Amino acid sequence: MHALTAPTDTDIRFRTATEDDGDALVGLISLVDLQLRAEDVPAALAPMRHALTDSDDGPLSHRRNHFLIAENGEGDAVGAITCGPAKWMSDPNRSPAIMWRKLAERISTVHGLAVVPAYRNQGIARALLHHVEETFRDAGYTVLTLRHNRSLTRFYQQLGYTSHNRLSLTLPTGELLSLLDRGWKHAFKVLSPTAAITTVQGMPTITGALSD
Ligand SMILES: CC(C)(COP(=O)(O)OP(=O)(O)OC[C@H]1O[C@@H](n2cnc3c(N)ncnc32)[C@H](O)[C@@H]1OP(=O)(O)O)[C@@H](O)C(=O)NCCC(=O)NCCS
């Protein structure tokens with residue numbers, strides 16, 4: 001477990017999640033509008049709970065996933081962020097199967113970010129995102145992506161993310177991968193100088209994310 005310094009002057013501290021945090025993480029991430037029926041939320045979050053048993057000594061808290069919790073002075077979890085490979089990376093209909101490993105080593109996705117209502121507007125979400133950006137940058141990742149509801153466009157733009165209907169990415173072959181998820185927007189931020197966001201076919205597009 002890594003204790004991280006709180007960037008605010010409150011008594012909030014940030015730590016990676018452990019197997020015991022399953023219920024707290026599920027409770028927090030259930031605050032996100034996952035665009036699912038309430039009864040389908042537990043099943044959707046089951047892989048996250050399962051991944052919590054994967055703890056290892058790598059740069060991320062749980063193999064290819066990274067789970068960070070913000071807790072108050074009483075040790076209660078008041079915010080969380082969960083990151084890992086995106087589903088589209090392992091979907092052969094959406095990205096070439098041969099690219100899976102490279103995609104999962106260079107690009108990560110924020111699956112959930114939430115702060116309990118009483119602790120909002122104190123910079124906790126900003127700090128959680130900032131911490132995971134640093135962690136993934138240090139681990140050699142080039143880009144962080146996420147899907148969000150339209151209402152959060154300004155929130156992510158303020159935090160340095162480019163927000164667009166499509167997630168567009170050039171592959172090392174020169175091919176353009178462009179994903180559209182109905183009802184969602186995609187946001188992405190470059191973590192490394194090897195990657196950039198440029199306009200391709202009129203869309204903001206991630207380039208250089210997978211180059212050697
Ligand atoms: C969205 C959420 C995570 C923000 O958490 P937070 O800790 O209150 O956010 P922060 O205090 O770090 O805010 C960072 C900046 O974004 C702004 N902001 C916060 N919530 C916002 C919102 N819903 N829309 C637009 N801007 C917002 C803040 O004003 C702040 O800007 P400032 O630095 O200029 O004051 C929180 O409202 C939440 O848990 N919502 C429910 C779950 C959710 O929707 N998560 C997003 C999943 S994609």
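Computed from a predicted structure; not experimentally measured. Whatever order the structure lists them in is the order used to number ligands and atoms, beginning at 1. Residue numbers count from 1 along this sequence.
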Nearest heavy-atom neighbours spanning Ile206 and Ala209
CG2-CB, 3.7 Å
In terms of relative ring orientation, are Tyr156 and His148 parallel, tilted or perpendicular, with 30° and 60° separating the classes?
tilted
Hey, which of Ile197, Leu144, Thr205 is the one that makes side chain to side chain contact (heavy atoms under 4.5 Å, CB included) with Phe188?
Ile197
Which heavy-atom pair separates Met99 from Pro172 by the least distance, and what is that distance?
CE-CD, 3.7 Å
Please state whether the rings of Tyr141 and Phe136 are parallel, tilted or perpendicular, taking 30° and 60° as the class boundaries.
perpendicular
What closest approach, in Å, do Asn72 and Ile12 show between heavy atoms, and which atom pair accounts for it?
CA-CD1, 4.0 Å
Sorted by chain and number, the residues that approach ligand 1 to under 4.0 Å with a heavy atom
Leu31, Val32, Leu113, Ala114, Val115, Arg120, Asn121, Gln122, Gly123, Ile124, Ala125, Arg126, Arg147, His148, Leu152, Phe155, Tyr156, Gln158
